[in-house]
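Each remark here refers to the structure printed beneath this line.
Both counts, for ligands and for their atoms, begin at 1 and track the order of listing. No experiment lies behind these values; they were computed from the predicted model shown.
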Amino acid sequence: METVLITGGAGFIGSHVTDALVENGQEIVVLDNLSTGSTENINSSSSVTFIEGDVRDEALVENIFRKNPDISGVIHLAAQSKVGPSLDDPLEDLMINVKGTVTVLEASRRHGVKTFVYASSAAVYGHVESLPISEEARVKPLSPYGASKLAAEQYVQTFGTLYDMNVSALRFANVYGPRQSADTEAGVITIFIEKLLSGHTPYIQGDGEQTRDFVYVDDVVNAVITPFLNSKEMKVNGVFNVSSQSQTPINQLLEVLCKEVGNTFNPDYGPIRPGDIKHSYLSHDKLTKVSNWRPQTPLNEGLKRTVQYYRSLY
Ligand SMILES: NC(=O)c1ccc[n+]([C@@H]2O[C@H](COP(=O)([O-])OP(=O)(O)OC[C@H]3O[C@@H](n4cnc5c(N)ncnc54)[C@H](O)[C@@H]3O)[C@@H](O)[C@H]2O)c1
C-alpha cells in the first residue's frame, strides 16, 4: 500500500487533503508542528499517523522516511502562510518556507519519492496587467511571503528537472471553506462569517469593488490529489494555477453571506490597504488541459457550506 506524507496536514487545506486520501484508501503520515494547525483537524482513521514536528528539522524528516519506507508521494503544504508575519520577520518566513521545503524535498529525493506536490500561491505574481493571470505571466511578488513561496517553487521545479521525480507546484487562488482560520491572509470569508454570526458589523477595506478569485477547498483538494489519482495516464507535472477563474467583488461576496446568515448588507468601509491589488483572478486552463480537474463548487454553494460549518460551531 502506498503511503503519502502530508506536511501541514493539521492545517486548513492539509486536513481536507488528508480526509480525501483516507477516503481513497491511502496510508497517510502527517507532519505538522501545530503552529497554526490543530490536532482536532486531523482525521482519526487508523490509516493516519500523526507526527508533531518541524519541516526544518532535517533529522526528524529523515527519520520519518526511514521509518516509513513505503512513502512514495509527498504533499508539501506546511508553511508560514501569511503576508503580515512575513513582513515582520522575513527570515523566519524564509526558513520555514524555503529551508523547510528543501529539507522535505531533499529527503524525498534520497528516499525515491515518485510524486511531490507543492502548495504555491497566487502571491508569486504580484501586480499583473492582463487578466486572467496565466502561468506564463511575469512573477513579481509584493511580499516576503510571495518571494519565499516562489523561491521554494523554483527548488521544487529544479528537483523535478534534475531527478526522476514527478513534481507539481500548484498556485492556489484564495481558498475558502470549513476549518479556515480567520487570521489567515485569505480568511476574509471566515472573518465576514464570524462577524455576521456574532452580531458585529463587517468591515471592508476600500470601496468593496475590488475583486478576488475564491476557490472552494474541496476543489483545491481535488487538484492536489490529481497527480496521485492520474499519475499513470496524465502528466500533472509543472506549475499550475488552481482557481475558480472568476472574479467576485468583495461587496457581492458579503451580500451573499448576509443573505445566507439572514442579516442585512450594511458594512463599514475604511481605507484600502497599501499595496492591495484591485483585481486578481487566475486562469486554470493549463490544469484543465492535462487533467480531468474542474472546479465543481459554485461560489453560492461553497459559501452555504462554509456558513453551515461555522454555525455548527456557535
Ligand atoms: N489558504 C489559502 O488561501 C492559500 C492560498 C495560497 C497558498 N496557500 C498555501 O497552502 C498551504 C496550506 O495553507 P493553509 O491555508 O492550509 O494554512 P494553514 O496555516 O492552515 O496550514 C499550514 C499548516 O502548516 C503547519 N506548519 C507551519 N509551519 C510548520 C513547520 N515549520 N513545520 C511543520 N508544520 C508547519 C501549521 O501548523 C499548519 O497546520 C500553505 O503552503 C500556503 O502557503 C494557501
Side-chain angles (χ1 to χ4, degrees), residues 5-19 29-43 50-58 60-61 64 74-86 89 91-104 107 117-125 133 141 143-153 156 168-191 212-221 223-224 239-244 280 282 302 306:
L5 170 64
I6 303 177
T7 72
F12 162 47
I13 300 171
S15 63
H16 287 280
V17 171
T18 306
D19 291 347
V29 175
V30 166
L31 169 62
D32 198 299
N33 70 355
L34 302 179
S35 53
T36 57
S38 157
T39 48
E40 281 171 28
N41 290 340
I42 302 173
N43 192 298
F50 171 56
I51 296 160
E52 184 175 347
D54 201 298
V55 288
R56 291 167 289 182
D57 184 339
E58 292 161 58
L60 171 73
V61 173
I64 290 173
V74 173
I75 299 175
H76 180 52
L77 297 148
Q80 189 303 106
S81 58
K82 299 175 215 160
V83 170
S86 82
D89 194 347
L91 210 50
E92 174 78 352
D93 176 80
L94 165 85
M95 294 306 279
I96 298 172
N97 290 0
V98 184
K99 186 193 172 188
T101 300
V102 179
T103 302
V104 177
V117 177
Y118 167 71
S120 188
S121 167
V124 302
Y125 292 115
I133 305 170
S143 65
Y145 167 68
S148 66
K149 293 303 286 185
L150 179 60
E153 189 190 288
V156 171
S168 44
L170 305 179
R171 293 175 176 166
F172 303 157
N174 295 295
V175 190
Y176 72 98
R179 300 186 198 142
Q180 183 166 36
S181 147
D183 70 354
T184 58
E185 234 30 68
V188 60
I189 290 176
T190 309
I191 294 168
R212 292 292 179 268
D213 180 333
F214 295 103
V215 59
Y216 190 62
V217 66
D218 287 0
D219 291 327
V220 172
V221 167
V224 168
V239 175
F240 298 92
N241 289 336
V242 178
S243 68
S244 69
S280 168
L282 308 183
T306 310

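Heavy-atom proximity to Tyr145, at under 4.0 Å, picks out these atoms of ligand 1: 7 (C), 8 (N), 42 (C), 43 (O). Under a 4.0 Å criterion applied to the non-hydrogen atoms of Gly37, ligand 1 contributes the atoms 36 (C), 37 (O), 38 (C), 39 (O). For ligand 1, the atoms closer than 4.0 angstrom to any heavy atom of Ser81 are 17 (O), 19 (O), 42 (C), 43 (O). Those atoms of ligand 1 that come under 4.0 Å of a heavy atom in Phe12, given as number and element, are 15 (O), 16 (O), 20 (O). Against a heavy-atom cut-off of under 4.0 Å, Gly53 is close to the following atoms of ligand 1: 32 (N), 33 (C). Atom numbering of ligand 1 starts at 1 in the shown order; those under 4.0 Å from a heavy atom of Leu34 are 37 (O). Distances below 4.0 Å separate heavy atoms of Gly11 from the following atoms of ligand 1: 20 (O), 21 (O), 38 (C), 39 (O).
Ser120 and Glu153 form a side-chain donor-acceptor contact under 3.5 Å, judged by distance and modelled atom types alone. Side chains of Asp93 and Ser86: a donor-acceptor N/O pair is absent below 3.5 angstrom, by distance only. When only modelled atom types and interatomic distance are considered, Thr18 and Asn43 share no side-chain donor-acceptor pair under 3.5 Å.
By the criterion of a heavy-atom distance under 4.0 Å, the side chain of Lys149, and not its backbone, is placed next to ligand 1. Contacts with ligand 1 closer than 4.0 Å are made by backbone heavy atoms (N, CA, C, O) of Ala173 only, the side chain lying farther away.
On a distance-only criterion, Val175 and ligand 1 share at least one N/O pair closer than 3.5 Å. Checked by distance only, ligand 1 and Asp32 come closer than 3.5 Å through their nitrogen or oxygen atoms. Checked against a 3.5 angstrom limit, the closest N/O atoms of Gly14 and ligand 1 fall outside it.
Among Val104, Ile13, Asn174, the residue whose heavy atom lies nearest to atom 13 (O) of ligand 1 is Ile13. Among Gly8, Ser35, Ser38, the residue whose heavy atom lies nearest to atom 28 (N) of ligand 1 is Ser35. Comparing Leu77, Val17, Ile96, Val224 against atom 40 (C) of ligand 1, the shortest heavy-atom distance belongs to Leu77.
The two residues Arg179 and Ser15 make their nearest non-hydrogen contact at NH1-OG, 2.9 Å.
Checked for salt-bridge contact, Asp57 and Lys99 miss the test: no charged N lies under 4.0 Å from a carboxylate O.
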TODO: Evaluate the criterion side chain to side chain donor-acceptor pair (under 3.5 Å) for residue pair Ser35 and Asn33; output intermediate values, then yes/no.
DONE: CA-CA 5 Å; Ser35 53; Asn33 70 355; 2.9 Å; yes

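Two residues are said to be in side-chain contact when any heavy atoms from C-beta on lie closer than 4.5 Å; Arg56 and Met95 meet this criterion.
Not one N or O on the side chain of Glu40 forms a donor-acceptor pair closer than 3.5 Å with the backbone of Ile42. Using a distance-only test at 3.5 Å, with no hydrogens or angles considered, no donor-acceptor pair links the side chain of Asn97 to the main chain of Ser148.
Residue Ser120 places a heavy atom under 4.0 Å from ligand 1.
Note that CG of Asn241 is 3.5 Å distant from OH of Tyr125, once rounded to the nearest 0.5 Å.
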